*Asks:* 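First the structure, then my questions, so here it is.
Just so it is clear, the model here is predicted, and its values are computed rather than measured. Atoms within each ligand, like the ligands themselves, are counted from 1 in listed order.
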Amino acid sequence: MRRIIIDCDPSPDDAVAILVALASPGELNVLAVTTVAGNVPVSLTAKNARKALELAKRMATPVYAGSTAPLVRTLVTAEHVHGRTGFDGYELPEPTMGLAQGFAPDAIVDLVMQRKRGEVTLCCLAPLTNIALALAKEPRLATHLKEIVLMGGAFSEGGNITPAAEFNIFVDPEAAARVLECGAPITMIPLDCTHQALTTKARLEKLRAFGTPVAEAFYHLLKFNKIFDEQKYGWEGGPLHDAAVVAYLLAPEIFSGRKVHVAVECASPLTLGMTVVDWWGVTGKPANVQFLRDINADRYFDLVIERLGRL
Ligand code: RIB
Ligand code: CA
């Protein structure tokens, strides 16, 4: 049983990660969902998280709102991918559940530090602002965590928001650098993995076949969400990025990678937010990340779709 906190900026791939985790109570205990500004402003990410929980009738999980902006930079959002709401493509009712009281970074610190060392895993699906703030508030957090599993960065896949940078890292590179050097065990799931995991027509139809409200909603949300990437890359389907973090916790065997040193570019205007992955160990710097470069996409979607079908 893993106790997890999911820090996210829901667009549909974040929401799928949350629901897959909640559909796996025998393996994962979701202590809280914390939200941050990223794909859309935090007022919307906090709303979208609650919409997903209510759709799945899982309102017992507290949702906290976090940072409205990166540590030092101006917020860059991704409405061009996810629509103005971050949840375009399917109308979900306004949430009736309220936000949990408190600031997300404070909740992260409290939930981790009130438990024994090594009991809580942070699942990071968004810009890492909340995590960096939590580390600034409680320096012992890093050594108290079991693991940080994050979706972000890239090695040979380059970038998706700029030619050099992946969105979650690009939005708050200083926060990402802070997290990567914090000393906690870190597993990184980059674009190299998620660009192999596409929401093809067949996979979306397999989801829809459950005929449940969750399946119908996420069929349409993911169908909208893949338009941008299909037009950009010419693929059939879009990458289901964030659910890979939860899939790693449930089935690590469908991934492969190695421990390497990863650093973040925080200065160059040309390559800001680039993750510099020392895959061949040429720097001699000690590994700070388990970097997962490959995924078995069929087994990934079998897992994700089966779990969503339980809700
Ligand atoms: O680059 C992909 C990441 O950016 C995912 O977390 C997606 O939800 C967006 O936040
Ligand atoms: Ca995300």
Side-chain angles (χ1 to χ4, degrees), residues 5-21 33-42 44-49 51-52 63 66-67 69-70 75-83 85-89 104 122-131 148-155 157-173 175-176 179 187-199 218 221-222 224-230 232-233 235 237-248 264 272-275 292 295 300 304:
I5 296 169
I6 300 177
D7 189 73
C8 56
D9 60 342
S11 61
D13 63 317
D14 301 67
V16 170
I18 296 168
L19 295 188
V20 167
V33 170
T34 55
T35 58
V36 70
N39 285 317
V40 287
V42 68
L44 288 172
T45 59
K47 179 185 288 189
N48 293 341
K51 283 185 173 183
V63 176
S67 191
L75 177 63
V76 170
T77 50
E79 287 90 348
H80 62 289
V81 180
H82 309 292
T85 69
F87 250 31
D88 285 24
L122 283 186
C123 298
C124 305
L125 317 180
L128 292 159
T129 316
N130 283 343
I131 316 308
I148 294 174
V149 186
L150 68 92
M151 189 278 139
F155 173 46
E157 200 58 20
N160 60 357
I161 187 75
T162 74
E166 177 279 326
F167 181 79
N168 288 340
I169 309 299
F170 175 77
V171 169
D172 199 340
V179 170
T187 295
M188 198 169 188
I189 301 180
L191 296 180
D192 305 70
C193 255
T194 62
H195 279 185
Q196 298 179 52
L198 304 182
T199 54
F218 278 86
L221 286 167
L222 292 170
F224 175 87
N225 205 234
K226 67 180 185 165
I227 294 169
F228 176 82
D229 286 312
E230 285 187 328
K232 174 178 176 181
Y233 295 108
W235 295 331
L240 186 66
H241 298 288
D242 292 335
V245 167
V246 174
Y248 167 74
V264 182
L272 183 71
M274 179 178 182
T275 47
L292 300 182
I295 186 173
Y300 173 50
V304 166

*Asks:* Check the pair His241, Phe167 against ring-ring contact (aromatic ring centres under 6.0 Å, His included), reporting the backbone distance first and the verdict last.
*Replies:* CA-CA 11 Å; His241 298 288; Phe167 181 79; 9.7 Å; no
*Asks:* With heavy atoms under 4.0 Å as the rule, classify the contact between Ile161 and ligand 1 as side chain, backbone, both or neither.
*Replies:* neither
*Asks:* Quick check against the 3.5 Å criterion: does Thr45 have a side-chain atom that pairs as donor or acceptor with the backbone of Val40?
*Replies:* no
*Asks:* Just to be sure I read this right, does ligand 1 sit under 4.0 Å from the backbone of Thr194, its side chain, both, or neither, counting only heavy atoms?
*Replies:* neither
*Asks:* State whether the shortest distance between N or O atoms of Asn160 and N or O atoms of ligand 1 falls below 3.5 angstrom.
*Replies:* yes
*Asks:* Any nitrogen or oxygen of Ala126, main chain or side chain, under 3.5 Å from a nitrogen or oxygen of ligand 1?
*Replies:* no
*Asks:* So does Pro10 get a backbone contact from the side chain of Asn48, meaning a donor-acceptor N/O pair under 3.5 Å?
*Replies:* yes
*Asks:* Does Asp229 reach the main-chain N or O of Lys226 with its side chain, forming a donor-acceptor pair under 3.5 Å?
*Replies:* no
*Asks:* Would you check whether His241 has a nitrogen or oxygen atom less than 3.5 angstrom from a nitrogen or oxygen atom of ligand 1?
*Replies:* no
*Asks:* Any atoms of ligand 1 less than 4.0 Å from a non-hydrogen atom of Glu166? List them with their elements.
*Replies:* 1 (O), 2 (C), 3 (C), 4 (O)
*Asks:* Closer than 4.0 Å to some heavy atom of Met151 - which atoms of ligand 1 meet that?
*Replies:* 2 (C), 3 (C), 5 (C), 6 (O)
*Asks:* Measuring to the Ca ion (ligand 2), does Asp14 have an N/O/S atom at a distance below 3.0 Å?
*Replies:* yes
*Asks:* Looking at Thr187 and Val149, would you say the former's side chain and the latter's main chain have a donor-acceptor pair under 3.5 Å?
*Replies:* no
*Asks:* Does Phe167 put an N, O or S atom under 3.0 Å from the Ca ion (ligand 2)?
*Replies:* no
*Asks:* Have a look at ligand 1 and work out which part of Leu125, if any, has a heavy atom under 4.0 Å from it: side chain, backbone, both or neither.
*Replies:* backbone
*Asks:* For Asp242, take its heavy atoms, then give the atoms of ligand 1 lying under 4.0 Å from any of them.
*Replies:* 5 (C), 6 (O), 7 (C), 8 (O)
*Asks:* Any heavy atom of Ser11 closer to ligand 1 than 4.0 angstrom?
*Replies:* yes
